[in-house]
S.K.: 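A single structure is presented below for examination.
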Number of protein chains: 2
Amino acid sequence: MELRHLRCFLAVAEELHFARAAERLHIEQSPLSRAIKELEEDLGVRLFIRNSRSTRLSRAGQVFKESVPRICTALQQAREGADLSACRRRKQTR
Amino acid sequence: MELRHLRCFLAVAEELHFARAAERLHIEQSPLSRAIKELEEDLGVRLFIRNSRSTRLSRAGQVFKESVPRICTALQQAREGADLSACRRRKQTR
DNA sequence: CATAATTACGTTCGTCGTAACCATA
DNA sequence: TATGGTTACGACGAACGTAATTATG
């Protein structure tokens, strides 16, 4: 799994539409479709139920969607924490 | 930032030695060095203080290291949550 | 001068986009 | 038959490994 997969998942989970999600991500539908497929294979679980007229979250997809924000928050906190302590250090240093 | 970068960071942060960390990751020292550099550039912060004889965490690196486990936990929970609900669904379905 | 990290360089693999394809309402 | 998702395929960029380089204790 890579963060790219999570970004793709989130877009599709929110749009429930591959074409719109792809547009939002500034990529084409084809790599998006593949990314979701890769993620599903990695997890061993189908995240979306899609027939050729509609896309909706599977049960597993719903649960997964709920946990993604926690990952994003953790990532952001890591970023900010590092940045903040570097700023403080820069202050101390001069 | 990609998860690859976090895996690399964690290995170096724990080993405090690029060669050992690389070995542990089953990659060479060279891509590892680059990955750390990329991460540092992405964060805009130096994570390790390294001269050619030793490697140690910077202040920002220490803070970052503390936040990485939270990310890993969140990722694992997402994985398990999806997997679990898929199992439950399979049970229900039959 | 030995050890540890980085840079140079060519190769390989992954990801992309275009286009053809398949499925269903 | 129009719409929406997937598969095929060639091109490009990112990541790798080997080897040369730099730096310092």
Side-chain angles (χ1 to χ4, degrees), chain A residues 1-62 64-65 68 71 75 79 82 86, chain B residues 1-62 64-65 68 71 75 79 82 86:
Chain A
M1 196 199 303
E2 285 299 332
L3 294 184
R4 182 175 66 88
H5 295 112
L6 297 187
R7 293 188 273 267
C8 290
F9 170 80
L10 208 55
V12 178
E14 285 175 7
E15 299 289 344
L16 294 180
H17 192 280
F18 277 73
R20 279 197 299 273
E23 195 175 359
R24 179 170 140 185
L25 293 166
H26 305 291
I27 62 173
E28 297 303 312
Q29 211 167 320
S30 141
L32 175 58
S33 171
R34 277 187 306 247
I36 297 296
K37 190 183 178 187
E38 286 162 15
L39 180 57
E40 290 177 325
E41 279 169 1
D42 176 38
L43 296 173
V45 155
R46 201 134 194 86
L47 295 169
F48 296 100
I49 314 287
R50 53 249 204 221
N51 54 26
S52 49
R53 295 299 285 179
S54 76
T55 299
R56 65 176 211 276
L57 284 160
S58 71
R59 178 161 189 69
Q62 289 172 28
F64 193 72
K65 184 187 175 188
V68 170
I71 301 170
L75 282 164
R79 232 177 231 292
Chain B
M1 195 200 303
E2 286 299 331
L3 295 183
R4 183 176 66 90
H5 296 114
L6 296 186
R7 293 183 209 110
C8 290
F9 169 80
L10 208 56
V12 178
E14 286 176 6
E15 298 289 345
L16 293 180
H17 192 281
F18 277 74
R20 279 197 298 272
E23 195 174 0
R24 179 170 138 184
L25 293 165
H26 306 291
I27 63 173
E28 297 304 312
Q29 211 167 321
S30 142
L32 175 58
S33 171
R34 278 187 305 248
I36 297 296
K37 190 182 178 187
E38 287 161 14
L39 180 58
E40 289 177 326
E41 281 169 359
D42 177 38
L43 296 173
V45 154
R46 201 135 194 84
L47 295 168
F48 296 99
I49 314 287
R50 55 250 204 219
N51 54 25
S52 49
R53 295 300 285 178
S54 75
T55 299
R56 65 176 210 278
L57 284 161
S58 71
R59 178 161 190 68
Q62 289 171 28
F64 194 72
K65 184 186 173 187
V68 170
I71 301 170
L75 282 165
R79 232 178 231 294

S.K.: On a heavy-atom basis, which atom in A/Ala35 and which in A/His5 lie closest, and how many Å separate them?
M.R.: O-CD2, 3.4 Å
S.K.: Using a strict cut-off of less than 4.0 Å between a Lys/Arg side-chain nitrogen and an Asp/Glu carboxylate oxygen, indicate whether B/Glu2 and A/Arg7 qualify as a salt bridge.
M.R.: yes
S.K.: Heavy atoms under 4.0 Å, any strand shown: does B/Thr55 hit a base, just sugar-phosphate, or nothing?
M.R.: sugar-phosphate
S.K.: Taking B/Glu38 first and then B/Arg4, would you say they form a salt bridge - that is, a charged N and a carboxylate O separated by under 4.0 Å?
M.R.: yes
S.K.: In sequence, state the C-alpha distance, the side-chain angles, and the governing distance for B/Arg50 and B/Ser54, and then conclude on side-chain hydrogen bond (donor to acceptor under 3.5 Å, both in side chains).
M.R.: CA-CA 6 Å; B/Arg50 55 250 204 219; B/Ser54 75; over 6 Å; no
S.K.: For residues 3-27 of chain B, which residues have at least one heavy atom under 4.0 Å from DNA chain C?
M.R.: B/His17, B/Phe18, B/Ala19
S.K.: Looking at every heavy atom in both A/Cys8 and A/Leu32, which two are closest together, and how far apart are they?
M.R.: CB-CD1, 3.5 Å
S.K.: On DNA chain D, which is the earliest and which the latest nucleotide, 5' to 3', with an atom closer than 4.0 Å to a heavy atom of chain A?
M.R.: D/dT3 to D/dC9
S.K.: Taking only residues two or more places apart in sequence or in another chain, which ones pass side-chain contact (heavy atoms from CB on, under 4.5 Å) with A/Ala13?
M.R.: A/Phe9, A/Phe48, A/Leu57, A/Lys65
S.K.: On DNA chain C, check which nucleotide each of A/Glu2 and B/Arg50 is closest to and give me the residue with the more 5' one.
M.R.: B/Arg50
S.K.: Rounded to the nearest angstrom, tell me the gap between atom CD in B/Glu38 and atom P in C/dT7.
M.R.: 12 Å
S.K.: What distance do A/Glu41 atom CD and A/Met1 atom CE have between them, rounded to the nearest 0.5 Å?
M.R.: 13.5 Å
S.K.: Round to a whole Å and report the spacing from CD1 of B/Ile49 to C1' of C/dA4.
M.R.: 16 Å
S.K.: Expressed in angstrom and rounded to an integer, what is the separation of B/Lys37 atom NZ from C/dT7 atom C1'?
M.R.: 8 Å
S.K.: Figure out the CD/P separation between B/Glu40 and C/dA5, and round it to whole Å.
M.R.: 13 Å
S.K.: Just verifying a value: how many Å separate A/Leu75 CG and A/Leu3 CG, rounded to the nearest 0.5 Å?
M.R.: 5.5 Å
S.K.: Here's a test of your reading of the structure: between B/Gln29 and A/Gln29, which maps to the more 5' nucleotide of DNA chain C?
M.R.: B/Gln29
S.K.: Under the salt bridge (charged side-chain N to carboxylate O under 4.0 Å, His left out) rule, what pairs show up with a residue in residues 13-24 of chain B, not counting sequence neighbours?
M.R.: B/Glu14-B/Arg24, B/Glu15-B/Arg20, B/Glu15-B/Arg24
S.K.: With the sugar-phosphate defined as primed atoms, P, OP1 and OP2, and the base as all remaining atoms, what B/S/- string results for nucleotides 20-25 of chain C, 5' to 3', for protein heavy atoms under 4.0 Å?
M.R.: ---BBS
S.K.: Name all residues meeting the side-chain hydrogen bond (donor to acceptor under 3.5 Å, both in side chains) criterion together with A/Thr55; count only those two or more places apart in sequence or in a different chain, and write none if there are none.
M.R.: none
S.K.: Starting from C1' on C/dG14, measure out to CD on A/Glu41 and report it in whole angstrom.
M.R.: 15 Å
S.K.: What is the distance from atom CD of A/Glu28 to atom CZ of A/Arg34, rounded to the nearest 0.5 Å?
M.R.: 10.5 Å
